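The block underneath contains the structure these notes are about, expressed in structure tokens.
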Amino acid sequence: MKINKSAYIIVVLVFLYSSVSFAQKVRRIDIDSSGFMTKNEAEYPGATILTRDDMNQVKISHEGITMWCDQAIYYSVQDFIEAYGNVKINQGDTINMTSKYVEYSGKTQLAFASGDVVLTDPTSTITTDTLYFDRIKQQAFYRNKGKVVRDSSGTITSKIGRYYMEIQKYQFVDSVKLVNPEYVIDSDRLDFFSEPGHAYLFGPTTITGETSKIYCERGFYDTNNDVGYFLKNSRIDYDDRIIEGDSLYFDRDKSFASATNNIKITDTINKAIVKGHYAEVFRERDSVFITKRALAVTVQENDSIYIHSDTLMVTGKPENRITRAYYNAKIYKTDLSGKADSIHVDHKKGLTQLINLKRFAPKDAFAGARHPVLWNIGNQMTGDSIHILSNVETKELDTLKVFDNAFLISKDTVAGSNGFDQIKGQKLIGLFRDNELYNVDIIKNAEKIYYSYNEEQELVGIDKSKSGSINIKLSNNTIDELRLLQQVDGSIYPEEDFPKNASKLRGFVWRDEERPKSVDDLFKDDPPLILPVIKGLEDYIPQEDFFDEELMKRIDSAGKGVTNKKQENKAARQVPKNRQNSTKPLRTKPVGKIGQPIQLRKQDTISNKKKDN
């Protein structure tokens with residue numbers, strides 16, 4: 001007989017296709033053991049009822065899982081089982097689940113558990129009242145509150161939770177709380193990777209510890225190493241300090257925090273603020289380091305004090321706090337401003353020191369010496385170092401001390417005058433009243449040039465003299481009385497007879513162009529500010545619908561074998577109506593009392609049925 005070649009090929013292809021299709025079929029649920037088996041067509045049509053005996057539970061297996069329970073109802077046509085009482089499911093050596101009730105479809109490999117559900121793997125434990133477990137996607141999902149316990153990270157609770165087993169990732173949504181012996185995290189949304197202990201925080205989040213409280217709206221926290229990185233409205237409350245910035249880093253074990261870009265650190269006890277664009281905070285050392293447009297602000301009721309420099313350091317306990325400003329330091333207050341290489345403020349003593357550093361002195365032998373400078377109203381004061389004492393209670397200026405090469409200059413205020421009143425000596429001591437100088441003493445080797453006027457503001461003469469010391473009385477920024485003590489020599493010159501080359505004392509430098517006249521002026525000498533770009537964290541990826549299209553196709557396919565319209569697709573029983581992460585109560589279909597086996601007659605047992613045969 002001659003066989004048509006084309007027909008032969010078709011037969012072979014059909015055979016191969018059938019073989020492949022058969023190989024790809026999902027295995028059916030196996031009933032490994034049961035104490036008793038019976039049927040009740042009136043209540044459970046087409047189902048086999050399995051019940052444990054006194055020795056062993058019902059044992060069921062399917063595609064790598066083993067299930068034990070006290071009682072089960074198996075719907076063979078739909079390959080669907082309902083398990084009741086002390087239900088246990090093992091998947092390999094890693095996943096174990098216990099509950100009071102389980103529904104499982106051999107066609108979809110979707111399990112639904114309810115009643116004291118506990119799912120464990122090597123790194124964590126989930127407890128909840130209801131749980132879905134998709135074995136194809138290896139995902140577990142709860143939507144009516146759950147708890148995850150991890151030994152090193154603590155306990156995490158949330159309203160909705162999802163566990164991606166293959167990558168050991170948890171995704172928590174709504175009322176998330178992570179409780180650790182050292183801190184508590186409260187967040188809107190939290191993604192947690194179990195093995196490394198990494199938590200990604202989204203939405204308003206607080207991390208509350210014994211000595212700190214952190215707030216952010218996007219962040220990362222390493223629960224194994226207790227370090228974190230926070231963005232978007234981030235803030236750390238550290239004892240008496242509040243740290244704010246575009247980007248914050250936190251190390252709990254080292255009691256350390258750093259901040260980048262638009263930083264503000266508030267001292268809540270001393271009412272002081274430091275600002276800048278990079279900062280480091282050491283809690284145990286009570287120190288703050290800040291740079292990049294660094295600015296310290298001492299907040300006062302009527303007039304705050306501003307200090308700017310390249311670098312600021314604030315150290316010491318609140319009651320002994322010290323502020324140090326390094327490199328091109330400037331100070332500004334409405335009625336006082338100054339400039340020096342370094343400014344040192346002892347807040348407890350109310351002492352502010354303006355200091356120039358020798359290493360920054362000009363190398364040119366013919367260059368003029370550099371001195372700290374202080375301006376008060378119309379007066380300019382310079383010297384090798386300047387100390388300002390303030391009343392620690394009222395915060396008002398009290399005493400001014402200029403050490404070595406003290407020089408006081410004020411521009412002659414009469415219209416059209418180009419002269420300068422000048423007084424110099426070894427040391428200057430000034431006293432303040434209402435933040436204005438009212439008494440100045442120039443001590444040792446005093447010299448002066450003073451423009452003297454009558455009551456009609458007519459120039460009487462120019463007084464140039466030397467003495468052992470000078471006492472000056474002032475009011476409203478004008479000299480009321482000038483007294484020379486131990487005068488050596490001096491003369492009063494008519495203006496036309498006053499030598500032009502003698503109009504300035506040795507060391508005279510008028511530095512008004514350097515004077516900060518506003519807070520903005522403190523930064524006018526700074527180089528252009530270039531801030532680093534903060535890469536930040538990835539945007540939040542919303543939790544996908546657990547009942548996605550792929551799962552719904554499996555569920556719909558499982559129902560194709562249902563021919564009786566009165567029967568339901570049991571695999572679809574627990575699918576929410578809107579197929580979303582609904583929080584409506586889940587419906588279950590218990591048989592009698594969970595854990596109570598159906599009473600079977602002796603003749604209905606498997607052993608007796610064998611005897612009858």
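Because the structure is a prediction, the values reported are computed rather than measured.
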- [ ] May I ask you to say whether Arg189 pairs ionically with Asp174, meaning some side-chain N is under 4.0 Å from a carboxylate O?
- [x] no

Open item on the list: Do Tyr183 and Asp226 have side chains that approach each other closer than 4.5 Å (heavy atoms only, starting at C-beta)?
Closed with: yes

Task: Where Val58 and Thr51 come nearest, the two heavy atoms and their spacing - done: CG2-C, 3.6 Å

Task: Main-chain N/O of Pro318 paired with Asn270 side-chain donor or acceptor, under 3.5 Å - done: yes

TODO: Examine distances only and state if a side-chain atom of Gln57 and a backbone atom of Gln71 form a donor-acceptor pair shorter than 3.5 Å.
DONE: no

- [ ] Show your reasoning for whether side chain to side chain contact (heavy atoms under 4.5 Å, CB included) applies to Val102 and Ile89.
- [x] CA-CA 9 Å; Val102 165; Ile89 295 180; 4.0 Å; yes

Task: Spacing of CZ belonging to Arg235 relative to SG belonging to Cys216, to within rounding of 0.5 Å - done: 13.0 Å

Task: Under 3.5 Å donor-acceptor, Thr206 side chain and Thr208 backbone - done: no

Task: Distance-only donor-acceptor check, side chains Asn262 and Asp246, under 3.5 Å - done: yes

TODO: Take atom CG of Asp93 as the centre, draw a 6.0 Å sphere, and report whether it contains more than 12 heavy atoms from other residues, nucleotides or ligands.
DONE: no

Open item on the list: Are the side chains of Met97 and Asn90 in contact, using a 4.5 Å heavy-atom criterion?
Closed with: no

Task: Worked verdict on Lys100 versus Tyr84 for side chain to side chain contact (heavy atoms under 4.5 Å, CB included) - done: CA-CA 6 Å; Lys100 292 180 179 178; Tyr84 297 88; over 6 Å; no

Open item on the list: Has Thr205 got a side-chain atom pairing as donor or acceptor with Gly203's backbone, closer than 3.5 angstrom?
Closed with: yes

Open item on the list: Please determine whether a side-chain nitrogen of the Lys or Arg among Asp240 and Arg321 lies less than 4.0 Å from a carboxylate oxygen of the Asp or Glu.
Closed with: yes

Open item on the list: Walk me through whether Leu551 and Phe546 qualify under side chain to side chain contact (heavy atoms under 4.5 Å, CB included).
Closed with: CA-CA 8 Å; Leu551 176 54; Phe546 183 81; 4.1 Å; yes

TODO: Verify whether one side chain among Gln109 and Glu63 offers a donor that lies under 3.5 Å from an acceptor in the other.
DONE: no

Task: Note: Lys107-Asp79 ion pair, threshold 4.0 Å (strictly below) - done: no

Open item on the list: In this structure, is the centre-to-centre distance between the rings of Phe282 and Phe256 below 6.0 Å?
Closed with: yes

TODO: Kindly say whether Leu190 contributes a backbone atom to a donor-acceptor pair with the side chain of Ser187 at under 3.5 angstrom?
DONE: no

Task: Atom pair CD/CG of Glu195 and Asp121 - distance to nearest 0.5 Å - done: 10.5 Å

Open item on the list: Return the CD1 to OG1 distance between Ile243 and Thr266, rounded to the nearest 0.5 Å.
Closed with: 10.0 Å

TODO: Assess whether side chain to side chain contact (heavy atoms under 4.5 Å, CB included) is satisfied between Arg283 and Thr211, documenting all intermediate values.
DONE: CA-CA 9 Å; Arg283 176 184 163 272; Thr211 58; 3.0 Å; yes

- [ ] Answer yes if the side chains of Tyr215 and Glu217 hold a donor-acceptor pair under 3.5 Å, and no otherwise.
- [x] yes

- [ ] Can you see which heavy atom on Ser114 is nearest to which on Ser99, and at what distance?
- [x] O-CB, 3.7 Å

Open item on the list: Please check this pair: side chain of Thr155 against backbone of Val179, looking for a donor-acceptor N/O pair closer than 3.5 Å.
Closed with: no

Open item on the list: Show the nearest heavy-atom pair for residues Phe192 and Ala199, with the distance to one decimal.
Closed with: CD1-CB, 3.9 Å

Task: Thr123 and Ser194 side chains, donor-acceptor separation under 3.5 Å - done: yes

Open item on the list: Using a strict threshold of under 4.0 Å (side-chain N to carboxylate O), is an ion pair present between Arg28 and Asp30?
Closed with: no

TODO: Check whether the side chains of Gln139 and Glu166 place a donor and an acceptor atom closer than 3.5 Å, and report yes or no.
DONE: no

Open item on the list: Working to the nearest 0.5 angstrom, can you tell me the gap between Leu248 CG and Leu231 CG?
Closed with: 8.0 Å

TODO: Measure centre to centre between the rings of His198 and Phe220, then say whether the value is under 6.0 Å.
DONE: yes

Open item on the list: Looking at every heavy atom in both Glu550 and Ile136, which two are closest together, and how far apart are they?
Closed with: OE2-CG2, 4.3 Å

Task: ring-ring contact (aromatic ring centres under 6.0 Å, His included) partner of Tyr132, chosen from Tyr163, Tyr104, Phe547 - done: Phe547

TODO: For residues Tyr278 and Ile290, determine if any side-chain heavy atom of one lies less than 4.5 Å from a side-chain heavy atom of the other.
DONE: no

- [ ] Scan side-chain atoms only and decide if Arg150 and Asn180 contain a donor-acceptor pair under the 3.5 Å cut-off.
- [x] no

Task: Flag for Tyr142-Asp129: side-chain donor and acceptor within less than 3.5 Å - done: no

TODO: Would you kindly check if the NZ (Lys) or CZ (Arg) of Arg241 is within the cone defined by 45 degrees around the ring axis of Tyr238 and under 6.0 Å from the six-membered ring centre?
DONE: no

Open item on the list: Whether the Thr48 and Lys39 side chains hold a donor-acceptor pair (N or O, under 3.5 Å, no angle test) is what I'd like checked.
Closed with: yes

Task: Ring-ring centroid check Phe250 Tyr229, cutoff 6.0 Å - done: no

Task: Distance-minimising heavy-atom pair for Asp222 and Pro196 - done: OD1-O, 3.8 Å

Open item on the list: I'd like to know if the side chain of Arg52 and the backbone of Asp70 have a donor-acceptor N/O pair within less than 3.5 Å.
Closed with: no

TODO: For the pair Glu549 and Lys553, find out whether any cationic side-chain nitrogen is under 4.0 Å from an anionic carboxylate oxygen.
DONE: no

TODO: Keeping the roles fixed (side chain from Asn225, backbone from Val227), state whether a donor-acceptor pair exists under 3.5 Å.
DONE: no

Open item on the list: Please determine whether a side-chain nitrogen of the Lys or Arg among Arg573 and Glu82 lies less than 4.0 Å from a carboxylate oxygen of the Asp or Glu.
Closed with: yes

TODO: Please round to the nearest 0.5 Å and tell me the distance separating atom NZ of Lys535 and atom CD of Glu538.
DONE: 7.0 Å

TODO: Could you check if a side-chain atom of Asp134 sits within less than 4.5 angstrom of a side-chain atom of Arg554, using non-hydrogen atoms only?
DONE: yes

- [ ] Ignoring hydrogens and angles, tell me if any N or O in the side chain of His277 forms a donor-acceptor pair with the backbone of Arg293 under 3.5 Å.
- [x] no

TODO: State whether a side-chain donor-acceptor pair under 3.5 Å links Gln91 with Arg135.
DONE: yes

Open item on the list: Is the terminal nitrogen or CZ of Lys570 (NZ for Lys, CZ for Arg) located under 6.0 angstrom from the six-membered ring centre of Tyr75 and within 45° of that ring's axis?
Closed with: yes

Open item on the list: If you define the side chain from C-beta out and look only at heavy atoms, does anything of Arg252 sit under 4.5 Å from Glu182?
Closed with: yes

- [ ] Examine the side chains of Thr260 and Ser247 and answer whether a donor and an acceptor come within less than 3.5 Å of each other.
- [x] no

Task: Partners meeting side-chain hydrogen bond (donor to acceptor under 3.5 Å, both in side chains) with Tyr170 (sequence neighbours left out) - done: Ser124

- [ ] State, yes or no, whether a side-chain contact exists between Ile49 and Asn40 at a heavy-atom distance under 4.5 Å.
- [x] yes

- [ ] Give the minimum heavy-atom separation between Pro532 and Asn261, together with the two atoms involved.
- [x] O-ND2, 3.0 Å

Open item on the list: Looking at Phe202, I'd like to know if the NZ or CZ of Arg218 sits under 6.0 Å from its six-membered ring centre while staying within 45 degrees of the ring's axis.
Closed with: no

